[in-house]
There are 2 protein chains.
Amino acid sequence: MSVRRDRRERMQHQREELRRLRQRMRQRGHELRRMGSRGQPEESRAAILHAAAIEFSEQGIAGARTDAIARQARVNKALLYYYFHDKEALYGAVLDDAFGRMRAAIFHALDSDLPAREKILAYVGTYFDFIASNQIYPKLMQREMMRARAGDSQHIERLVKNYFEPIYRRVSELLHQGIKEGTFRKVDPAHFVPSMIAMIVFYFSGAPVMRRVFGFDPLTQERIRERRAAVLDFISAALFRPCAGAGSGVHP
Amino acid sequence: MSVRRDRRERMQHQREELRRLRQRMRQRGHELRRMGSRGQPEESRAAILHAAAIEFSEQGIAGARTDAIARQARVNKALLYYYFHDKEALYGAVLDDAFGRMRAAIFHALDSDLPAREKILAYVGTYFDFIASNQIYPKLMQREMMRARAGDSQHIERLVKNYFEPIYRRVSELLHQGIKEGTFRKVDPAHFVPSMIAMIVFYFSGAPVMRRVFGFDPLTQERIRERRAAVLDFISAALFRPCAGAGSGVHP
DNA sequence: ATGATCTAACTAACTGGTTAATTAATCATG
DNA sequence: CATGATTAATTAACCAGTTAGTTAGATCAT
């Protein structure tokens, strides 16, 4: 009995708080479309997506709890199902959002008008920076890559078609171009591209373990800058024709 | 009713089959320790461990189903709890088994009496071969690395102490030695070692996606041999002093 | 008979998903 | 311009299926 009343009181209290919140927002001039009781459809959707991205990246689809996502998004669980049909679809939306941003960043670098040598460094650098400032992505990516088995993931096909394949094609072409020009060593894109991605992605997804192995945090600004240089150096050394140019243009 | 009888009949049939199996084994002279109803404690344990390794590597701890593990091991689910206290402990046992074998293989290479240049190639080659012939390990490893957050995984500390740290220390020393000798470029082990591991591990854990991107299976014997060469080439090019020796000793 | 090995059947808790109701902005109409 | 219908947004409470883990034995070499 008293529990029930407590709950109801809390509920009512929450309602009032929301009303005040809404008024403040209106005063601040937030654009208001059609409104529900809370009146923030876009904000709610975004909050769910953001909370879901974190939860999925940390726990995986199976480990992620829809309750936890809802709580983090400060939204009722049923709202997840209102906006995104089910858990799997929500996961799909998170992936599309993530890889969409990634593709945009990478294509920006690949569209630049640079010689092969500089362009591949721009690609690696951009990719690195993107991952570094969005550290849930490498986990999301590796989790999904590992799930791509038999009939497991319904998303892979789409992700490959929309994101991975187009990016791979462009980078592959770039490598061939550099090889033909004589700037690059004769490498096989089907091996070199995964190697580059591996070096960028693995460092961040493996950071928690590395912290314990090394005895220091590999994710400080300083260390990340260091890593960036190391990756570019590694790739330069492995890709560029040896004994040709002098400096490798590593330092951004 | 009929369902119940069917089940009982099947059960009885299974029992008889087991008895016959056991007799055959005794005739073949299998060493028999103390026996229970099935009389194969080691075999059962091993079967559970093996099934669990596969299930965990494919689904992760959260996604893994104990029922599925028991079914795969052809053993009753309760037996998992008889031998391994709970799901988490079973997972821990799988990890220890896996990383224990890995450490043994790698240490064998590192203990060899070779010059730095050849030894680092032996290390990479051995590691690669181990992963290539035990493709559940990279997934197990990456899954566990990603789990190493806050208070999440109870295993990381042990794994780092028993496996990762010792291996890292040895390889790190090897690199320093090569650098001092002048055989290697001046690389930072804290970046170079993860890069090597990344290239080896990522290829296998990412294979299902790459199959779709490339349009061919990256896990055929042929492709794996190719990959091996590519990794050794990549690392050689990035690590060895340029313009010094002639061949890189890549082909095993 | 005794203890190691093994199992069918069960349970308690969890979790994805549903439902019926509520709120408030907007729209239609007299 | 008031007001009742409509609709988007949102929630509390609930449900049904799943799953980790338990129990009360059964089997059998010694």
Side-chain angles (χ1 to χ4, degrees), chain A residues 3-4 6-16 18-19 21-23 25-26 30-45 47-48 52 55 59 61-71 73-91, chain B residues 3-4 6-12 14-16 18-19 22-23 25-26 30-45 47-48 52 55 59 61-71 73-91:
Chain A
V3 175
R4 260 202 131 72
D6 273 12
R7 208 180 285 175
R8 185 160 302 181
E9 273 174 26
R10 221 182 311 141
M11 214 164 91
Q12 202 152 5
H13 182 264
Q14 218 169 5
R15 290 257 160 83
E16 282 169 31
L18 277 172
R19 196 173 310 168
L21 189 76
R22 201 167 337 104
Q23 282 201 339
M25 290 214 135
R26 212 175 314 166
H30 268 253
E31 22 105 32
L32 297 180
R33 290 146 241 265
R34 314 192 107 261
M35 277 195 181
S37 61
R38 186 161 154 197
Q40 315 186 33
E42 292 306 318
E43 283 83 349
S44 295
R45 234 192 95 102
I48 292 169
E55 177 80 359
Q59 314 288 340
I61 334 104
R65 296 291 157 242
T66 52
D67 280 314
I69 294 172
R71 195 169 356 101
R74 303 176 135 277
V75 143
N76 186 280
K77 185 168 60 134
L79 207 58
L80 310 196
Y81 296 89
Y82 177 69
Y83 284 120
F84 308 91
H85 176 68
D86 61 12
K87 196 190 189 186
E88 192 70 41
L90 173 56
Y91 181 62
Chain B
V3 174
R4 260 199 132 72
D6 272 11
R7 208 182 286 174
R8 186 158 302 182
E9 273 175 25
R10 221 182 311 142
M11 213 164 92
Q12 204 149 5
Q14 217 167 6
R15 290 256 162 84
E16 282 170 30
L18 277 171
R19 196 172 310 166
R22 200 167 341 110
Q23 282 200 340
M25 291 210 138
R26 213 176 315 167
H30 267 254
E31 22 105 33
L32 294 181
R33 291 145 242 266
R34 319 193 108 258
M35 278 196 179
S37 61
R38 187 161 150 196
Q40 317 186 33
E42 291 306 317
E43 282 83 349
S44 294
R45 236 192 94 102
I48 292 170
E55 177 80 0
Q59 314 287 341
I61 333 103
R65 297 293 157 238
T66 52
D67 279 318
I69 293 172
R71 193 170 358 102
R74 303 176 135 276
V75 141
N76 186 278
K77 183 165 64 127
L79 207 57
L80 311 196
Y81 295 90
Y82 177 69
Y83 284 120
F84 309 91
H85 176 68
D86 60 13
K87 195 190 189 186
E88 192 70 42
L90 174 57
Y91 182 62

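Residue numbers start from 1 in every chain, and the chains themselves are labelled A, B, ... in the order their sequence lines are given, proteins ahead of strands.
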Under-4.0 Å side-chain N/O to phosphate OP1/OP2 contact, S44(A) with dT10(D): yes
Expected output: side-chain E55(A) to main-chain T66(A) donor-acceptor under 3.5 Å: no
Enumerate the protein-to-nucleotides 17-19 of chain C contacts in which both atoms are nitrogen or oxygen and the separation is below 3.5 Å.
{"unit_1": "dG17(C)", "atom_1": "OP2", "unit_2": "Y81(A)", "atom_2": "OH", "d": "3.3"}
{"unit_1": "dG17(C)", "atom_1": "OP2", "unit_2": "K87(A)", "atom_2": "N", "d": "2.9"}
{"unit_1": "dG17(C)", "atom_1": "N7", "unit_2": "K77(A)", "atom_2": "NZ", "d": "2.8"}
{"unit_1": "dG17(C)", "atom_1": "O6", "unit_2": "K77(A)", "atom_2": "NZ", "d": "2.6"}

Whole-Å gap separating P (dA12(D)) and CZ (R71(A)): 14 Å
Rounded distance (Å) that lies between atom P of dG25(D) and atom OH of Y82(B): 18 Å
Atom pair distance, as rounded to whole Å: CG in L80(A) and C1' in dA9(D): 14 Å
N or O in side chain of R65(B) less than 4.0 angstrom from dT18(D) OP1/OP2: no
Closest non-hydrogen atom pair, G63(A) against A62(B): CA-CB, 3.4 Å
Contacts of K77(B) that satisfy salt bridge (charged side-chain N to carboxylate O under 4.0 Å, His left out) - sequence neighbours left out: D67(B)
Nearest atoms (heavy-atom pairs only) where K87(B) meets I61(B): NZ-O, 2.6 Å
Nearest-angstrom distance from the residue atom OH of Y83(B) to C1' of dT7(C): 12 Å
Nearest atoms (heavy-atom pairs only) where I69(A) meets I48(A): CG2-O, 4.0 Å
Distance, rounded to the nearest Å, where F84(B) contributes CZ and dC6(C) contributes P: 12 Å
E43(A) CD - dT10(D) C1' separation (whole Å): 14 Å
Sugar-phosphate only, base, or nothing, as touched by A64(A) at under 4.0 Å among non-hydrogen atoms: sugar-phosphate
Atom pair distance, as rounded to whole Å: CG in L79(B) and P in dA26(D): 18 Å
